[in-house]
Amino acid sequence: MQTVVTEVQTRESDITAIAHQPPVQDGVPAAPSTDPATARAALGTMWRIRRFEEAVDDLFARGLMHGTMHLSIGQEASATGVCLALRERDAITSTHRGHGHCIAQGADLTRMMAELLAKETGYCRGRGGSMHIADVATGNLGANGIVGGGIPIAAGAALAYKMRGEDRVVASFFGDGATNEGAFHEGLNLAAIWDLPVVFVCENNKYGMSFSTEFSMAVPHVADRAAAYGMPGVTVDGNDLDAVHAVAAEAVDRARNGGGPTLIEAETYRWKGHSKSDKNLYRTREEIAEWRERDPIVAFETKVTESGLLTAADITAARDEATDAIKAAVREANSGTDADPGDLLDAVFAPVDAAPLASSPNQDVTR
Amino acid sequence: MTATLPQTETQAESRELTYSEAIREALAEAMTADDRVFMLGEDVGVYGGAFGVSGDLVHRFGKERIRDTPISELGIVGAAVGAALAGMRPIVEIQFSDFTCQAMDQIVNQAAKIHFMLGGAVSVPMVLRTPLGSGTGAAAQHSQSLEAWFAHVPGLKVVMPSTVSEVKGLLLAAIDDPNPVVFLEHKLLYRTKGHVPAGADRVPLGRSVVRREGADLTIVATGIMVSRSLEAAARLADEGIEATVVDPVTLTPLDEAPILDAVRRTGRVMLVQEAPGHVGFMSEIAARIAGSSALYSLEAPIKRLCGLDAPMPYAPALEAAMVPQLDDIVVAGRALATQEA
């Protein structure tokens, strides 16, 4: 399914599909600002994440969506840069703040929106909601409502790939808060002692809910913790798409070639509150304003227009296409059927396999 | 009449093995049959497992598939969840069931819920084997019976194999199962012997077994209390009191019909478990009986005979006093059988 995306395809084909099918040169996905097609695709992904979450924010505010949500607006470059460094059969584990990872992996926007709108047509048939969206077809092993929950799971998926001799890599996203969980320590240690093909990606947005990293850890950088597990640790500007992609590509390459795991710390910031209950009592307006000035999307747009890679028209088109795609997703998702209480219990247990130890229901869940 | 012990093999095709050996044989057969099956846990390699269950398997299947782990219960179970999602059939050994407390997030929040949370898109085919129970003088953090915790979590299957002859087939069925299965092995059973079928016949999960039939009372028992109750039933028979003994075997999904049928036939029921009684698994059995038409057959109140509501003590006399012993079951059984309505 590896596809070389031409300029024409970028213009005309399904935007969602393009996101996870970056141009490939010698088997290595190209950097975002390598060529116009890649730059447009990467920019499109970031805009789709931004527009998706703005739409979700709006639907919540208007009472049209229930439950809770965690927005990653301001963090689009880390999800996009890392997923751009992955190949078709690679996998990710995600977090409660996972819409961006999901979209960057190429998930269908309508099915995502349908899930948030509690539809049977959603990714999880309305069982999961925002915090549990997974799209196994694109290698997304799932968002996770438990801080750090996906870290050991990523190690286990990587162990499976390694045991089967497959050259697949798992990128595990988590926040700064997760690095104080036991799961972080145990997962990184297992991946390190077994040389597993995992790239651990800490999106350090400075706060675990309200608690600043200034107070929650005694080392300056999350990446410093990598030394404790004997793996490389690197801190990168998480709002610089090319920089994130560069460190991710190197880590993915190392993992794929038997060099074991890496811990990447992408320094970024969430513009919105932790969740809808957040009154922003723990940070200043000035701090938020300062980080809004460092908008990863604007930074990338400025870079690629100044270099002449994209035109102003390309930028406008990427933004407009994303806006249209999200509008269409909301519209289509709303037309889906609601999740039905009548079959609430049908997926508590998987049906017992009729052909024990002979068939392989999960063999290809990550393609 | 409900079937008693499965009779899938003749005596000629079975050998006398210990409970540990029967488990090891199931592990070996599953790994031979399917290269997706592997085992991971603390000291399962050259050490052979804390209770000797994995034994020589590392020499037969190698370090990759009999995988020693650091002391990282949360990481181990999480790795099993991830491997299961990625197409493997992992079997985790947690050295003592008490240590599952260290791994509860991955068991309860991840393994049990992923299939449901993802709308059925994937499943988590893994087995978590772990020894439970008291009687070894290991005190409060190495002797618990936590089966009710697991049985309370939708999405987990929970098995308590009580016989040597069935443990192999039950484990093979658990490995086959596409769901996470918590497989609770009682420590005192590991060295007990019994006839084990030579073949790879499965003993299906979710079937209660009537171990003994008698008209005067029903005893429902789990784990080590099954053999203890059968022994008590034999003693009661000497006194002319005939007990039916029902073993749920699988706590989730629970096969309640044989239990309710036995209660209807005998009119008296005693529920025996090692775990503390308060909010225990037998409370659920009591509720099922009370909530069914079997209630109308009762000639005496439902009797629970359970562990005391206290942490497990160290001193032998105290430890023995904590959980139902043979004499306790005999005395309680006699009292129930002769109780006036």
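To find a chain, count down the sequence lines: A is the first, B the second, and so on, and within it residues start at 1.
With values rounded to the nearest 0.5 angstrom, Leu345(A) atom CG is found 7.5 Å from Phe116(B) atom CZ. The line from OG1 of Thr93(A) to CD of Gln110(B) is 10.0 Å long, rounded to the nearest 0.5 Å. Atoms CG and CD, on Leu74(B) and Glu181(A) in that order, are 8.5 Å from each other to the nearest 0.5 Å. Annotation: the span from Ile76(B) atom CD1 to Leu190(A) atom CG amounts to 7.0 Å, rounded to 0.5 Å. Distance check, rounded to the nearest 0.5 Å: CG of Leu118(B) to CZ of Arg127(A) gives 12.0 Å. Note that CG of Asn109(B) and CG of Asn144(A) are 8.0 Å apart. Values are rounded to the nearest 0.5 Å.
Met131(A) has its side chain out of reach of Met117(B): every pair of non-hydrogen atoms, C-beta onward, lies at least 4.5 Å apart. With a 4.5 Å cut-off on side-chain heavy atoms, Met163(A) and Arg65(B) count as touching. Thr69(B) places a side-chain heavy atom less than 4.5 Å from the side chain of Trp194(A). The side-chain heavy atoms of Leu85(B) and Ile153(A), taken from C-beta on, include a pair separated by under 4.5 Å.
Smallest separation of non-hydrogen atoms from Met88(B) and Ala160(A): CG-CB, 3.4 Å. Nearest heavy-atom pair, Ala157(A) versus Ala86(B), reported as atom, atom and distance to 0.1 Å: CA-CB, 3.9 Å.
In this structure, the portion of Glu73(B) lying under 4.5 Å from any heavy atom of chain A is its backbone and not its side chain. Only the backbone of Tyr123(A) comes within less than 4.5 Å of a heavy atom of chain B; no side-chain atom from C-beta onward does. Contact of Leu205(B) with chain A is not made at all, since no heavy-atom distance falls under 4.5 Å. For a residue to count as touching a neighbouring chain, one of its non-hydrogen atoms must lie under 4.5 Å from one of that chain's; by this rule Ala154(A) does not touch chain B. Only the side chain of Ile193(A) comes within contact range of chain B, judged by heavy atoms closer than 4.5 Å. The part of Leu156(B) that comes within reach of chain A is its backbone (N, CA, C, O), which places non-hydrogen atoms under 4.5 angstrom from that chain. For Lys113(B), no part lies near chain A; criterion is any non-hydrogen pair under 4.5 Å.
For the set Gly120(B), Pro70(B), Gly155(B), Ala173(B), the count of heavy-atom pairs under 4.5 angstrom toward chain A peaks at Gly155(B).
In terms of modelled atom types and a separation under 3.5 Å, the side chain of Gln106(B) and the main chain of Gly149(A) share a donor-acceptor contact. Using modelled atom types, no side-chain atom of Asn179(B) and backbone atom of Phe349(A) make a donor-acceptor pair closer than 3.5 Å.
His66(A) NE2: 12 or fewer foreign heavy atoms inside a 6.0 Å radius. Within a 6.0 Å radius of CZ in Arg67(B), other residues, nucleotides and ligands contribute more than 12 heavy atoms.
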Determine, stepwise, if the pair Leu159(A) / Glu64(B) fulfils side chain to side chain contact (heavy atoms under 4.5 Å, CB included). CA-CA 10 Å; Leu159(A) 175 63; Glu64(B) 288 285 305; 5.6 Å; no
